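Keep in mind the model is a prediction, meaning the values are calculated, not measured. The chains referred to below are lettered A, B, ... by the order of the sequence lines, with proteins before strands, and numbering in each begins at 1. These values consider heavy atoms only, across backbone and side chains, with no hydrogens, waters or symmetry-generated copies.
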2 protein chains.
Amino acid sequence: MTDKSDPTTTRRGFLKAGLAAGGAVAAGGAAHAAGDPLITEIQPWAQGLGEGVDATPYGLPIKYEGDVVRRNVEWLTADTISSINFTPIHALDGTITPQGCAFERHHSGAIELRKEDYRLMINGLVDTPLVFTYADLERFPRVTRTYFLECAANTGMEWAGAQLNGSQFTHGMIHNMEYTGVTLRTLLEEAGVKPEGKWVMVEGADASSNARSIPLEKAMDDCLVAFKANGEALRMEHGYPVRLCVPGWEGNMWVKWLRRIEVGDKPWESREETSKYTDTLEDGTSRKWTWVMDAKSVVTSPSPQMPITHGKGPLVITGLAWSGRGAIARVDVSVDGGKNWKEARLAAPGQDMALTRFYLDHDWDGSEMFLQSRAIDSTGYVQPTKTQLREVRGLNSIYHNNCIQTWWVKPSGEAENVEVS
Amino acid sequence: MTDKSDPTTTRRGFLKAGLAAGGAVAAGGAAHAAGDPLITEIQPWAQGLGEGVDATPYGLPIKYEGDVVRRNVEWLTADTISSINFTPIHALDGTITPQGCAFERHHSGAIELRKEDYRLMINGLVDTPLVFTYADLERFPRVTRTYFLECAANTGMEWAGAQLNGSQFTHGMIHNMEYTGVTLRTLLEEAGVKPEGKWVMVEGADASSNARSIPLEKAMDDCLVAFKANGEALRMEHGYPVRLCVPGWEGNMWVKWLRRIEVGDKPWESREETSKYTDTLEDGTSRKWTWVMDAKSVVTSPSPQMPITHGKGPLVITGLAWSGRGAIARVDVSVDGGKNWKEARLAAPGQDMALTRFYLDHDWDGSEMFLQSRAIDSTGYVQPTKTQLREVRGLNSIYHNNCIQTWWVKPSGEAENVEVS
């Protein structure tokens, strides 16, 4: 079952490295054996019985992982009802984000809406206006796809320079789940889009009535009216019972508690696409309809929340990469602030509009590093530096910052968010 | 982004079907619009604010999904400490199993073992016996793979005939997660396996000291020493902080709280591979070393726990398929107890030793169905009928029942576990 995404290790390589590095890894491990009571004695957990299978009908993480949770930044918003919290990406591995710790953004809070009370209306320029119950939706052909959702504001603080310390806070407005639902195309074909229909407006059932305009081409391509994520029902905070997935496009368009889809001949210019989710440039004009999330990556460990604690020698550098334009083709990693690059190993071949995990097995000499990662997607797009991005977009933007991120890793192993010119 | 796994729908097809079926689906939905207060009135959840982003740092499912949980069958074991509970596969979709509702089997209960107290020993026929701490393991090259784990006893009750009503109970001793860890090969190469080393014994840290023998070929092929599942740390009930993955092989070998790996020149004939996990045949002799989980599938909905509630017309038939020998190549579904078969649509191309979701979009005429699914894997192996399996193995077995399952769906939409000859 070995394939190209398997790591290649030379036999005894780590033992050698460990010894060379003065007792790290295996050598360090072996050193335990002799006098380590955890080896030489029978431990309490091997002497008694543990918990039964009736203990947690639905389980939570073990108490020792209590710090691996979503966090919101108090000063970022006036209150937590219309706010954001962050996926603890620094502490995760692989690509799937469990719903329990997946990023949330609400405009008027997360609402409780029973399946029985759920309705989805399709109106506007259609042959037959329709209203679907949840039970109706379950009867249409179903698809299952894994997609990332990234908030357009993810990494937005970095426009003003290195700010927050931790990949959770700089890049944690993202999650990646296996969604199941009905394609929006299927429902629109059910209602019958009139020839003059060129746009759809998607609207949520919460008080904010979050509404966004989507070109018909995208709506008919890959948008998903989803009711499951990672196999189970959506969580309340992710739009239970039904949310929209707009693969590769900014998270605000993934309307939660999806209530209505209107077909029209032009965009709606809603609050969320005029006063918000536009990018003000140096000359004061704004880019609008900037829906696609460009190729991006970040090193999740080591990072400010994940310092190196084991000293020099073998070190796993890992992170995430993604692109709203297609699949991740390659990720490069630099330990010297972008002067030299090494190609990272992808855990699996890139998938369209889904997170890709990368690893670089590095032999750390114990000196400072300026850690960066650079994503290249299937269209050939290369993740830009912060300088390149500012040259084009200036400093007035909030959204769509996909710049290369730098962590200054000190000889102590601690890391800091910094800028390199 | 459309591909061959996309459902094909003819425009207005469902509306037609709905009308033909006397008001189902869209037509039924449309009927709501006029007088439905859920459409015509502003709902409470659109009038006020919901929950803030600080409400659930680590979230649980919404209260309305409280019945989607693991269940144990009281009479199955003497107590719940050495017992089994079942994944609610009837209520899930897609392929990922969230850890919170993933099947558990313990021999002496789930133990609490801190990362700091964790040790993994490699001894026996190796050049250098080694002990690894958790921190040591994190320094080796890491891989991420999605695999199913199935208990050898899954569906075991069916040997005696149709028993439990519900796919959760007949097929729920399974889960499918994205695992991250270090290959066992990497650690064995670190210690250096002596030429006479042909087997490894893997042992758990709990009181049961669950120990199994694995041929060196498998150990060096794709076994994974895992510390993450679906991106986050393993849950206590799944072996926190470290478990073994033995892809495609029976779940009992996926030792939790992995403590020791011994290399030897022959198998250990441990309790769990002599008195248990062997298959007694008609003549009283036993098959042993029956590690591989053969190709298998089950319809998860409709099923006894998931009756049809919407009457005739469009019906989504869905289920899971898997094989320990490779990838699922094809799944067929029968509504007449195996007389006629239709090829189901796979949600995605089959992956080696991982669950595959299948769908069949069926126009139900409202008459009784004898629902079956049949998996075919990449080796050409075809899932057998219960009769075929009994002819070879007799009725004395407990383990490795991968027979075709039958649900009798009645005109009322209710379903029952039955046998068809």
With respect to chain B, which residue among [options] yields the maximal number of heavy-atom pairs within a distance under 4.5 Å?
| options | answer |
| --- | --- |
| A/Gly52, A/Ala55, A/Cys101, A/Gly231 | A/Gly231 |
| A/Pro98, A/Ser83, A/Ser301 | A/Pro98 |
| A/Lys63, A/Gln99, A/Glu112, A/His107 | A/Glu112 |
| A/Asp93, A/Ile81, A/Ile111 | A/Asp93 |
| A/Leu60, A/Thr77, A/Leu187 | A/Leu60 |

Report the C-alpha separation of A/Thr180 and B/Tyr359 in whole Å, then their side-chain angles, then the decisive distance to 0.1 Å, and conclude whether the side chain to side chain contact (heavy atoms under 4.5 Å, CB included) test is met. CA-CA 12 Å; A/Thr180 299; B/Tyr359 300 108; 3.5 Å; yes
Most contacts with chain A, counted as non-hydrogen pairs under 4.5 angstrom, among B/Ala102, B/Ser209, B/Pro61, B/Pro247: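 Max contact count across the listed options: B/Pro61.
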Option in B/Ile62, B/Leu137, B/Ile42 with maximal non-hydrogen atom pairs under 4.5 Å from chain A: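 Of B/Ile62, B/Leu137, B/Ile42, B/Ile62 has the most heavy-atom pairs under 4.5 Å with chain A.
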With only heavy atoms counted, which part of [X] is less than 4.5 Å from chain A, the side chain, the backbone, both or neither?
| X | result |
| --- | --- |
| B/Arg259 | side chain |
| B/Gln43 | neither |
| B/Thr80 | both |
| B/Ala91 | backbone |

Please classify the contact of [X] with chain B as side chain, backbone, both or neither, using a heavy-atom distance under 4.5 Å.
| X | value |
| --- | --- |
| A/Arg71 | neither |
| A/Glu116 | backbone |
| A/Ile84 | backbone |
| A/Thr318 | side chain |

Please answer whether the main-chain N or O of A/Ile39 pairs with a side-chain N or O of B/Arg119 as donor and acceptor at a distance below 3.5 Å.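 Pair absent, no side-chain N/O of B/Arg119 close to backbone of A/Ile39.
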Does the A/Glu178 side chain pair with the main chain of B/Ile96, one donor and one acceptor, at a distance under 3.5 Å?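 Side chain of A/Glu178 to backbone of B/Ile96: a pair is present.
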Using every non-hydrogen atom in the two residues, find where B/Ala205 and A/Ala46 come nearest and quote the distance to one decimal.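 Looks like O-CB, 3.4 Å.
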Taking all atoms of both residues into account, what is the closest heavy-atom pair of A/Ala207 and B/Gly48, and its distance?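 The pair with the smallest heavy-atom distance is CB-O, 3.4 Å.
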Please examine the side chains of B/Glu237 and A/Glu51, heavy atoms only from C-beta on, and report whether any two atoms are closer than 4.5 Å.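 They are not in contact (no side-chain heavy atoms under 4.5 Å apart), so the answer is no.
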Under a 4.5 Å cut-off applied to non-hydrogen side-chain atoms, are B/His106 and A/Val53 in contact?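 A side-chain contact exists here, since the closest heavy-atom pair is under 4.5 Å.
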Enter the distance from [X]:[atom1] to [Y]:[atom2] here, rounded to the nearest 0.5 Å.
| X | Y | atom1 | atom2 | value |
| --- | --- | --- | --- | --- |
| B/Asn230 | A/Met177 | CG | CE | 11.5 Å |
| B/Arg139 | A/Ile308 | CZ | CD1 | 9.0 Å |
| A/Leu38 | B/Arg114 | CG | CZ | 9.0 Å |
| B/Arg142 | A/Leu360 | CZ | CG | 12.0 Å |

Option from B/Ser82, B/Ser208, B/Ser108 for which side chain to side chain contact (heavy atoms under 4.5 Å, CB included) with A/Leu49 holds: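 Among B/Ser82, B/Ser208, B/Ser108, the one that satisfies the side chain to side chain contact (heavy atoms under 4.5 Å, CB included) with A/Leu49 is B/Ser108.
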Among A/Asn72, A/Val69, A/Asn85, side chain to side chain contact (heavy atoms under 4.5 Å, CB included) partner for B/Pro57: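 Of A/Asn72, A/Val69, A/Asn85, side chain to side chain contact (heavy atoms under 4.5 Å, CB included) with B/Pro57 is met by A/Val69 alone.
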Looking just at side-chain N and O atoms, do B/Thr56 and A/Arg235 make a donor-acceptor pair shorter than 3.5 Å?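 There is no such pair between these side chains.
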Evaluate side chain to side chain contact (heavy atoms under 4.5 Å, CB included) for A/Val143 paired with B/Arg345, printing each intermediate quantity in order. CA-CA 10 Å; A/Val143 299; B/Arg345 177 169 49 86; 4.2 Å; yes
With sequence neighbours left out, write down each residue that passes side-chain contact (heavy atoms from CB on, under 4.5 Å) with A/Lys115, or none if nothing qualifies.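 Only A/Tyr134, A/Tyr240, A/Pro241, B/Glu65 meet the side-chain contact (heavy atoms from CB on, under 4.5 Å) criterion with A/Lys115.
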Do A/Asp117 and B/Trp45 pass the side chain to side chain contact (heavy atoms under 4.5 Å, CB included) test, and can you show the C-alpha distance, the side-chain angles, and the key distance before you say yes or no? CA-CA 11 Å; A/Asp117 297 332; B/Trp45 51 83; 3.6 Å; yes
Step by step, work out the side chain to side chain contact (heavy atoms under 4.5 Å, CB included) result for A/Glu104 and B/Asp54. CA-CA 10 Å; A/Glu104 297 171 67; B/Asp54 54 348; over 6 Å; no
